[in-house]
Amino acid sequence: AQTVTQSQPEMSVQEAETVTLSCTYDTSENNYYLFWYKQPPSRQMILVIRQEAYKQQNATENRFSVNFQKAAKSFSLKISDSQLGDTAMYFCAFMKEGGSYIPTFGRGTSLIVHP
Amino acid sequence: EADIYQTPRYLVIGTGKKITLECSQTMGHDKMYWYQQDPGMELHLIHYSYGVNSTEKGDLSSESTVSRIRTEHFPLTLESARPSHTSQYLCASRGFGRGGYNEQFFGPGTRLTVL
């Protein structure tokens, strides 16, 4: 079974600064996907960024980028130029390729962006 | 935001009541899911469906049941609510989004309190 660990229950950052959220996972699979989801207060969870394990290049989406270290089984999320709207719970998730396509989620990191 | 809806958004009921949490999506997705979300914990999968007349139990033991009579509708029923059922329930569907990725889309959630 896969496990996903987010070791930072809470993080805070000043507006316009950069913050990195950590995520590690444990799996024996070679082909899989990794995700970061964002859940703002009282709003729907949305996908922020995804990474295919076979790709060496780190995924980026505007101010969001990941540092994917396959050998270390690490998948951190970097948010640059933090904005107040980035305040949310962030969940890291793992999904193996094939099978049921059901992701395993971490416990989440609560990020607060201060003005 | 994703075209997936949940009603009610908030519900407070007494022990022993039968309740149904509604979930519907307008994206034509075959795969749908129910998760239970508690603060500081992973999202736990309680039920999923691969299409009409297909339902499976997830990894979290639950006294709930689901049905999938129509593609767009995936209701969750608790026959006899207990205080231990107090939680947030998230519905999700899987399909291709604007970015071309096969991803999960989440509803806004139902926050259930059983007194």
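Just so you know, these numbers use all the heavy atoms, side chains as well, and skip hydrogens, waters and symmetry mates. Here the structure is a predicted model, which is why all the values come from computation and not from measurement. Residue numbers begin at 1 in each chain, while the letters A, B, ... track the order of the sequences.
Under a hydrophobic clustering in which Ile, Leu, Val, Met, Phe, Trp and Tyr are joined whenever their side-chain heavy atoms come within less than 4.5 Å, directly or via other members, A/Ile49 and A/Ile46 fall into different clusters. Cluster annotation: A/Phe105 is not connected to A/Phe75 through the hydrophobic network of ILVMFWY side chains, with a link wherever side-chain heavy atoms come within less than 4.5 Å.
Residues B/Tyr48 and A/Ile102 are in side-chain contact: their nearest non-hydrogen atoms beyond the backbone lie under 4.5 Å apart. A 4.5 Å side-chain heavy-atom check between B/Tyr89 and B/Leu11 finds every atom pair outside the cut-off. Considering only heavy atoms from C-beta on, A/Glu15 stays 4.5 Å or farther from A/Gln83 through its side chain.
Put simply, of A/Arg50, A/Met89, A/Met45, A/Arg107, the one with the most heavy-atom pairs under 4.5 Å next to chain B is A/Arg107. Put simply, of B/Gln88, B/Gln37, B/His44, B/Gln6, the one with the most heavy-atom pairs under 4.5 Å next to chain A is B/Gln37.
Residue B/Arg94 touches chain A through its side chain alone, counting heavy-atom pairs closer than 4.5 Å. At a 4.5 Å heavy-atom cutoff, A/Thr109 makes no contact with chain B through either its backbone or its side chain. In this structure, the portion of A/Met95 lying under 4.5 Å from any heavy atom of chain B is its side chain and not its backbone. For B/Leu43, the parts sitting under 4.5 Å from any heavy atom of chain A are the backbone and the side chain alike.
For the residue pair B/Glu63 / B/His85, a side-chain donor-acceptor distance below 3.5 Å is found, with atom types taken as modelled. At a cut-off of 3.5 Å, with distance as the only test, no side-chain donor of B/Thr55 or B/His47 sits close to an acceptor on the other residue. No side-chain donor from either of B/Glu42 and B/Tyr35 sits under 3.5 Å from a side-chain acceptor of the other.
Residues satisfying the ring-ring contact (aromatic ring centres under 6.0 Å, His included) test with B/His29, not counting sequence neighbours, are B/Phe105.
Close approach to chain B, defined as a heavy atom under 4.5 Å from one of its heavy atoms, is seen in A/Tyr37, A/Gln39 of residues 20-39 of chain A, taken by number.
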